[in-house]
Amino acid sequence: MPKALVIVESPAKAKTIKRYLGSDYSVEASVGHIRDIIQPKNVKTDKRYNPATHENNSELRSYGIDVAGQSTSENTWEPWYVVSENSKKTITHLRKALKNTELLYLATDEDREGEAIAWHLVEVLKPKIPYYRMVFHEITEKAILEALNHTREIDMDLVAAQEARRIMDRMSGFGWSGVMRQVIGGGASGGPVQSPTTRRLVERERERIRFISADYHSLTASVFSEQDEMFPTKLVEVNGRKVVSGKNDFDENGELKRSSEVVILDQEQASSLQEALKTETLTVSSIERSPYQRKPKPPFTTSTFQQEVINKLGGSASAAMGIAQSLYQNGFITYHRTDSTALSDQAVEAARVSIQTVCGIEYLPEKPRTYENKTASAQLAHEAIRPAGEVFRHPDELKGDLNKDQLRVYEIIWKRTIASQMTDERGETARMLLGGIVSHENNSEPQAVTFSASGRVITHQGFRYIYEETTESDEESEGEGVLPDLPEGEVVTIGQIEVKNHSTKPPARFTESSIVKWMEEVGIGRPSTFSATIGKIRAREYAYKEGRSLVPTVKGIVGTNFLELEFNDEVQYHNRADLERSLDQIANGNEQRTEMLDRWWFEK
DNA sequence: CAGTGAGCGAGCTTCCGCTTGACTT
C-alpha cells in the first residue's frame, strides 16, 4: 500500500513522476482546476441561497459573487464555488486514493493558478491526514526527490491573488458581455482578454483604411572594379540629400517626414539620372568593415513555439498546440504550456552532447547559455519546451514513432533547443560609399551622387548551422555577398542600371502568429489561452481568417467602438499589465485582496 | 368590446485559466 498520495495537474506528468517515486507513492492528477465560481443562473437553486438575505444581492445574482458577505463593516468578496461538472469523477477518484494513504502532497504547478488548485483540493477533499505543498519546476528525478524534502505550506497570499484575478475576470467579462449583447445581440461576448485583442485587430484595420500610399523610385547599378569584380550598388544621395528608400521616410498620410533633408526620385528624374549615368564612373570614397555577432534565440515558450510553427509549417495556433499535446503525452517533449525559457541542468547537458555529436565541437561554447525572461507577467512554473529526457533523441530516430506533422514539429523543437546552446554566428559586414558627378545633356547643373554597397561575410555559422528563425516581415535581405577589397579612390565603371517603381503599402493585417506575439508582449492572455482566444474571436465572428490574415468583421468593429465608449480605460492594453502589478501586491502580502477589489469595483 | 402598448419579470447567455478526452461537423 502506498504511503503517500501526490496530486499534480496533468495526468501525463503523473505518469512520469510515478516512475521516479516508485511503489511507496501513488500519483494522481487533478486535471486542471476542479472548482469554479457558480453560474449566476444556478445561484437560486444552490443550497447556500437564502431568499431573506440574498434576494436583493445583485452582485451575487449577476456574478455568483457575494461582495458584501455576512460582515456589516466591510466587504468580504466571497465567490460561491462549485465543483465543475467535469471534475466530479476526478474528485471521487482522488477521495478513494486519499483513503489508503498516510500523507498528501499537493504538487500542483508553482504559479498563481496552481497554488489556487492546491487550496481548492484541500477545501474539497478535507484531508484528515497531514498534507504538504510540494513544488518543482522541472520533471527530473533529482528535482522531484528534492521537492519531496523541501515542502512548505500553501501560500494563502498567492491564492488570494488568484481569487482576485478570477473575480475581476468574471465581473468585467459578464459586464462587458452585457454591453456587447445590447449592441450586437445573440450570444455576443466581451472580456478583458478577447476584447483588447479584438480591438488591436480593429485598430490595425483603421490604420489600413486611413493609410495613404506614396510613390517613389529606386535606382540600382552594377559596377565593375579595375580587376573586373562586379557588385551591386544603390543610389543613396543626390546633392547631399538622402534618396527616399522606403516606408520609414513617409508618415501615415503618405507625406515625407523630413522633406528638407530627403529627395524623392520621380520617374522623370530617375530616368534622366539613369541615362546620364551610363557614361559616368564612380569613385570609392570610403569602406567600413565591422565585425558582427548574432546570438541564438532562447528555447521555446508557448508563444514563440506557436509563432514558429505557424511561420514554418503554416496552420493555426490551436493546430500547433494539438500536435504539441500529442508529443507531450507520449513523452517526446516537455510540457508545452509554459512562459519560461529556462532549461534544466540536465537539458543543457543533453543539448551540449547533441551539439558535439551533430554539429561538432567548434559549435560548443565554453559555458552554457542562460536566458532571462523578458515578459513581466511570466509565472515560470515550468521549463521551456524542449525534447524530453536526459538524452535528446535525434528526429531521424523517431521516424517510425511519429507521423509527419509530429516529426516536423519535434524537429523544430529539437533544433531550437540545441541552437539555443550553440555559439554565436560571427562575421563581418562591410559598407562602401562611392561618389560621382553626373552632367546632364540639357544645360542643367551637374549633380553629385552617392551610391552605397554592402556585404556580409560569415566567418563562423554558429547556431545557424542548424536553425534559422523565420520572421513574417518580408524585408528584402540584401548585401549577403562578398564585397571586394577596394582602396579609397579606386574608380569603378557602371554596368547595368535599373530603375524601379515602388509604392508604400499599408501595415499588414495581423496573423495568428503576430497576434500571439503581441498578446504575450503586452501580457494579455496566458500560454493555455492564446490559441483559445483566437478561436473565440473567430467563433463570435469578430474576425475571420482570409488566408493567414485575421480580418475584423463589422460585428468586431461595432463592438469595439462601443466598448471604447463605455469602458475606455479598461479596454486599454496596459490595463492587464497594471492589473498584474496589483495582483503581485496581493501575492506579496502588501495589500489585502478585499481592499484592492473595493477600489477596483467601487471607485471607477 | 376588441385591439394596442407600456411596463415588468423570468430565463438564457456571457468571463479567464487550468487540464483532457468525448463529442460533433
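The analysis underlying the following values was restricted to heavy atoms, covering all of them including side chains, and did not include hydrogens, waters or symmetry mates. Note that the coordinates shown come from a computational prediction; the quantities given were computed from them, not determined experimentally. Sequence lines set the chain letters: A, B, ... in the order given, protein chains first and strands last, and positions in each chain run from 1.
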Report the residue (A:Gln329 or A:Gly186) whose heavy-atom-nearest nucleotide on DNA chain B is the more 5′ of the two. A:Gly186
Taking the six-membered ring where the residue is Trp, are the ring centres of A:Tyr81 and A:His120 under 6.0 Å apart? yes
Would you mind reporting whether A:Thr560 and A:Ser195 have side-chain heavy atoms less than 4.5 Å apart? no
For A:Ala118, all residues meeting side-chain contact (heavy atoms from CB on, under 4.5 Å), sequence neighbours excluded: A:Leu106, A:Thr108, A:Arg133, A:Ile154
Taking for each residue the nucleotide of DNA chain B with the nearest heavy atom, is it A:Ser528 or A:Ile37 whose nucleotide lies nearer the 5' end? A:Ile37
Strand DNA chain B in bracket notation, Watson-Crick/G-U under 3.5 Å with | for pairs to another chain: .........................
Base, sugar-phosphate, or nothing for A:Gly173, non-hydrogen atoms under 4.0 angstrom? sugar-phosphate
Which residue pairs satisfy the side chain to side chain donor-acceptor pair (under 3.5 Å) criterion with at least one member in residues 91-102 of chain A, sequence neighbours excluded? A:Glu28-A:His93
A:Arg19: partners by salt bridge (Lys or Arg N to Asp or Glu O under 4.0 Å), with sequence neighbours left out: none
Reckon A:Pro40 touches a base, only the sugar-phosphate, or nothing at all at heavy-atom distances under 4.0 Å? base
Look at the aromatic rings of A:Phe305 and A:Phe300 and report parallel, tilted or perpendicular, splitting at 30° and 60°. perpendicular
For A:Glu78, give me all partners under side-chain contact (heavy atoms from CB on, under 4.5 Å), at least two apart in sequence or on another chain. A:Asp66, A:Thr76
Strand contacts (DNA chain B) in residues 43-65 of chain A, 4.0 angstrom heavy-atom criterion: none
Within the structure shown, what part of the strands sits under 4.0 Å from A:Lys536 by heavy-atom distance: base, sugar-phosphate, or nothing? sugar-phosphate
Side-chain donor-acceptor pair under 3.5 Å between A:Ser58 and A:Tyr63, yes or no? no
For A:Val67, all residues meeting side-chain contact (heavy atoms from CB on, under 4.5 Å), sequence neighbours excluded: A:Glu59, A:Ile65, A:Asn75, A:Trp77, A:Met171, A:Phe602
Listed in order of residue number, which residues of residues 77-89 of chain A have a non-hydrogen atom at under 4.0 Å from DNA chain B? none
Once the angle between the rings of A:Tyr25 and A:Tyr105 is folded into 0 to 90°, is it parallel (under 30°), tilted (30 to 60°) or perpendicular (over 60°)? tilted
For a 4.0 angstrom threshold against heavy atoms of chain A, report the outermost contacting nucleotides of DNA chain B in 5' to 3' order. B:dT13 to B:dG21
Would you mind classifying the nucleic acid contact of A:Arg112 as base, sugar-phosphate or nothing, using non-hydrogen atoms under 4.0 angstrom? nothing
With sequence neighbours left out, write down each residue that passes side-chain contact (heavy atoms from CB on, under 4.5 Å) with A:Asp24, or none if nothing qualifies. A:Lys3
Tell me what A:Gln162 touches on the nucleic acid: a base, only sugar-phosphate, or nothing, going by heavy atoms under 4.0 Å. nothing
Selection residues 521-534 of chain A - residue pairs positive for side chain to side chain donor-acceptor pair (under 3.5 Å), sequence neighbours left out: A:Asp339-A:Arg526
For A:Gly190, answer base if it contacts any base atom (sugar-phosphate contacts may also be present), sugar-phosphate if it contacts only those atoms, and nothing otherwise; contact means non-hydrogen atoms under 4.0 Å. sugar-phosphate
If the condition is salt bridge (Lys or Arg N to Asp or Glu O under 4.0 Å), which residues does A:Glu55 pass it with, not counting sequence neighbours? A:Arg61
Aromatic ring pairing A:Phe567/A:Trp176, orientation class (parallel under 30°, perpendicular over 60°, tilted between): parallel
Name the nucleic acid region contacted by A:Tyr335, choosing base, sugar-phosphate or nothing; use a 4.0 angstrom heavy-atom cut-off, strictly under. sugar-phosphate
Base, sugar-phosphate or nothing for A:Arg526? Non-hydrogen atoms, less than 4.0 Å. sugar-phosphate
